[in-house]
Amino acid sequence: MNKPIVGITMGDPAGSGPEITIKALADPEQYSYCRPIVVGDVKVMEQAKKFVGREDIVIHRCEKVSDALFTPGTIDVLHLDLIEDISKFEMAKVSVEGGNAAFQCVKKVIELAMAGEVDATCTNALNKEAMNKALEYYHGEKSDGYTHFDGHTEIYATYTHTKKYTMMLAHHDLRVVHVSTHVSLREACDRVKKDRVLEVIEIANKACKDMGIENPRIAVAGLNPHCGENGLFGREEIEEITPAIEAAKAEGITGVVGPCPPDSVFSQAIGGWYDIVVCMYHDQGHIPLKTVGFVYDREKQEWKAVEGVNVTLGLPIIRASVDHGTDFYHAGKGNGNELSLVNAIKYAVKMTGRAN
């Protein structure tokens with residue numbers, strides 16, 4: 001069986017994405033389970049290998065995926081000429097050039113996946129402000145008329161023509177999916193509706209089965225404190241969430257339970273009670289996952305671990321991503337942590353069903 005080809009975007013060139021990509025792919029282990037190819041600018045990747053002190057690594061310029069060598073010690077880069085003068089490009093700064101570069105890499109890797117040229121995609125972080133500045137600056141001319149995207153998830157949904165999708169975050173066996181993500185907290189509460197909650201339960205159930213979990217145990221978190229205390233602190237559990245759970249059971253999704261109190265359900269999930277938790281809004285799922293995945297060493301004053309994977313569910317293609325931002329703080333210093341990227345690559349491969 002051929003190892004799956006994974007297209008990896010370089011991310012915003014002003015961030016640490018190119019550097020952690022060099023660090024991740026400098027390890028021959030990555031080539032033991034997949035065939036990685038970076039979608040980005042060769043000039044950026046050449047600069048990144050200097051930042052991380054790996055000038056021994058060969059950057060192999062590719063014009064098409066079939067040009068790739070997939071050889072340890074060599075990093076294949078599907079070249080997009082995105083940065084005009086790398087010597088003048090400023091690191092750790094929001095810019096139109098950086099935002100456009102990040103967007104074009106995402107657009108290209110989606111195109112490759114939709115065409116079947118790569119088996120899975122993996123994204124480094126983009127800066128939402130920089131990307132949207134670029135989309136607006138070019139008046140949509142470089143983005144098929146689109147002048148705004150909330151983030152990766154929405155770009156993927158648009159270019160794959162997907163209507164029903166959600167974000168999943170995973171750290172080992174803790175998995176969370178979201179009813180809403182990049183909206184205000186006030187709007188997030190308004191988006192807790194039966195149909196959408198049911199939709200996310202269905203997507204979560206399918207995702208778990210696709211990962212080999214035969215009978216998924218799905219916990220659905222409540223929205224309000226104590227799940228509303230029978231309407232005392234809000235009626236969303238009574239009017240929207242519980243009806244969605246009952247509808248899911250009627251469809252044959254027997255492993256779904258809830259509404260579960262949000263202040264305890266994640267501890268239960270970590271303890272093995274559930275395979276996945278349906279969360280009502282962005283921070284409800286992100287905070288517990290990043291609390292366990294992001295470990296800061298107080299004595300050394302540095303991040304000991306930055307783990308976690310972001311996966312978009314419901315797409316016709318596979319997309320996994322790092323679960324952190326562009327990390328401007330470490331950009332250009334060569335000390336960014338590549339662990340989340342490595343985990344994302346492995347998760348993307350796992351989702352192909354062709355993992356070793």
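In plain terms, the two heavy atoms of H324 and A125 that are nearest each other are O-CB, 3.4 Å. A pairwise comparison of heavy atoms in S180 and R191 identifies CB-CD, 4.1 Å as the closest pair. Taking every heavy atom of both residues into account, G258 and I245 meet most closely at C-CD1, 3.3 Å. When every heavy atom of I241 is checked against every heavy atom of A221, the shortest pair comes out as CD1-O, 4.1 Å. When all heavy atoms are compared, the tightest approach of L289 to G308 is CD2-CA, 4.4 Å. Summarising the geometry of P262 relative to G222, their closest heavy-atom pair is CG-O, 3.2 Å, with the distance given to 0.1 Å.
Annotation: the span from K164 atom NZ to R196 atom CZ amounts to 10.0 Å, rounded to 0.5 Å. The structure places CD of E199 at 15.0 Å from NZ of K193, a figure rounded to the nearest 0.5 Å. Taken to the nearest 0.5 Å, the OG atom of S95 stands 6.5 Å off from the CG atom of D12. The CG atom of L169 sits 12.5 Å away from the CZ atom of R175 when rounded to the nearest 0.5 Å. Between the CE atom of M167 and the OG atom of S321 there is a distance of 8.5 Å, given to the nearest 0.5 Å. Annotation: the span from Y281 atom OH to C189 atom SG amounts to 7.5 Å, rounded to 0.5 Å.
Looking only at side-chain heavy atoms (C-beta outward), P18 and M45 come within less than 4.5 Å of each other. Residues Y31 and L25 are in side-chain contact: their nearest non-hydrogen atoms beyond the backbone lie under 4.5 Å apart. Proximity of K249 to V256: side-chain heavy atoms (C-beta onward) are separated by under 4.5 Å at one or more points. Contact check for F266 versus I287: no side-chain heavy atoms found under the 4.5 Å cut-off. For the pair I20/H330, no side-chain contact is recorded, criterion being any heavy-atom separation below 4.5 Å from C-beta on. Proximity of K49 to I75: side-chain heavy atoms (C-beta onward) are nowhere separated by under 4.5 Å. A 4.5 Å side-chain heavy-atom check between F149 and F103 finds at least one atom pair inside the cut-off. Within the 4.5 Å cutoff, the side chain of I276 has heavy atoms near those of the M168 side chain.
The hydrophobic clustering, which links ILVMFWY residues whose side-chain heavy atoms are closer than 4.5 Å, places I8 and L112 together. Residues W273 and V277 fall within the same hydrophobic cluster, defined by Ile, Leu, Val, Met, Phe, Trp and Tyr side chains chained together at heavy-atom separations under 4.5 Å. Cluster membership for V322 and V118, using ILVMFWY side-chain heavy atoms within less than 4.5 angstrom, is shared. Both V309 and I203 belong to a single network of hydrophobic side chains, linked directly or stepwise wherever heavy atoms of I, L, V, M, F, W or Y lie under 4.5 Å apart. Cluster membership check: M131 shares its hydrophobic cluster with Y146, using side-chain heavy-atom separations under 4.5 Å among Ile, Leu, Val, Met, Phe, Trp and Tyr.
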CA sep, side-chain torsions, deciding dist, call: E19, M91, side chain to side chain contact (heavy atoms under 4.5 Å, CB included): CA-CA 12 Å; E19 295 164 62; M91 299 297 295; 4.0 Å; yes
Side chain to side chain contact (heavy atoms under 4.5 Å, CB included) for Q268 and V265? Distances and angles first, verdict last. CA-CA 5 Å; Q268 294 167 342; V265 70; 4.2 Å; yes
Give the intermediate values and the outcome of side chain to side chain contact (heavy atoms under 4.5 Å, CB included) for residues Y165 and E154. CA-CA 9 Å; Y165 59 91; E154 293 74 23; 4.2 Å; yes
Salt bridge (charged side-chain N to carboxylate O under 4.0 Å, His left out) for E29 and K346? Distances and angles first, verdict last. CA-CA 11 Å; E29 183 199 352; K346 289 180 177 178; 3.2 Å; yes
Please test N127 against F328 for side chain to side chain contact (heavy atoms under 4.5 Å, CB included), starting from the C-alpha separation and ending with a verdict. CA-CA 10 Å; N127 183 286; F328 279 175; 3.8 Å; yes
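Judged by the 6.0 Å and 45° rule, K93 forms no cation-pi pair with F89.
The main-chain N or O of K23 is never found under 3.5 Å from a side-chain atom of R54 such that the two would form a donor-acceptor pair. No side-chain donor-acceptor contact under 3.5 Å links Q47 to the backbone of V44. Between the side chain of T166 and the backbone N or O of H178, at least one donor-acceptor pair lies under 3.5 Å. The backbone N or O of I37 sits nowhere less than 3.5 Å from a side-chain atom of D76 that would complete a donor-acceptor pair. Not a single donor-acceptor pair under 3.5 Å links the side chain of T162 to the backbone N or O of L315. Counting only distance, with no hydrogens or angles, the side chain of D67 and the backbone of K64 share a donor-acceptor pair below 3.5 Å. Judged purely by atom type and a 3.5 angstrom limit, D327 has no side-chain atom pairing as donor or acceptor with the backbone of G15. Judged by distance alone, with hydrogens and angles left aside, the side-chain atoms of D119 form a donor-acceptor pair with the main-chain N or O of I5 at under 3.5 Å.
A side-chain donor from one of Y159 and D144 sits under 3.5 Å from a side-chain acceptor of the other. A donor and an acceptor atom, one from each side chain of Y156 and T121, are located under 3.5 Å apart.
Around atom CG of D283, more than 12 heavy atoms belonging to other residues, nucleotides or ligands sit under 6.0 Å away. Applying the 6.0 Å contact sphere to CZ of F233 captures more than 12 heavy atoms from other residues, nucleotides or ligands. Y329 OH: 12 or fewer foreign heavy atoms inside a 6.0 Å radius. Atom CD of E84 sits in a sparse spot, with 12 or fewer heavy atoms from other residues, nucleotides or ligands closer than 6.0 Å. Within a 6.0 Å radius of NZ in K333, more than 12 heavy atoms belonging to other residues, nucleotides or ligands are found.
Each of V220, V200, N224 was checked for a side-chain contact (heavy atoms from CB on, under 4.5 Å) with M280, and the lone residue meeting it is V220. The only option from V77, I345, N124 that meets the side-chain contact (heavy atoms from CB on, under 4.5 Å) definition with T21 turns out to be N124. With respect to H182, the ring-ring contact (aromatic ring centres under 6.0 Å, His included) criterion is satisfied by exactly one of H152, H148, H282: H282.
A salt bridge links D81 with K43; the closest basic N to acidic carboxylate O contact falls under 4.0 Å. Between D190 and R186 there is no salt bridge, since no side-chain nitrogen of the basic residue lies less than 4.0 Å from a carboxylate oxygen of the acidic one.
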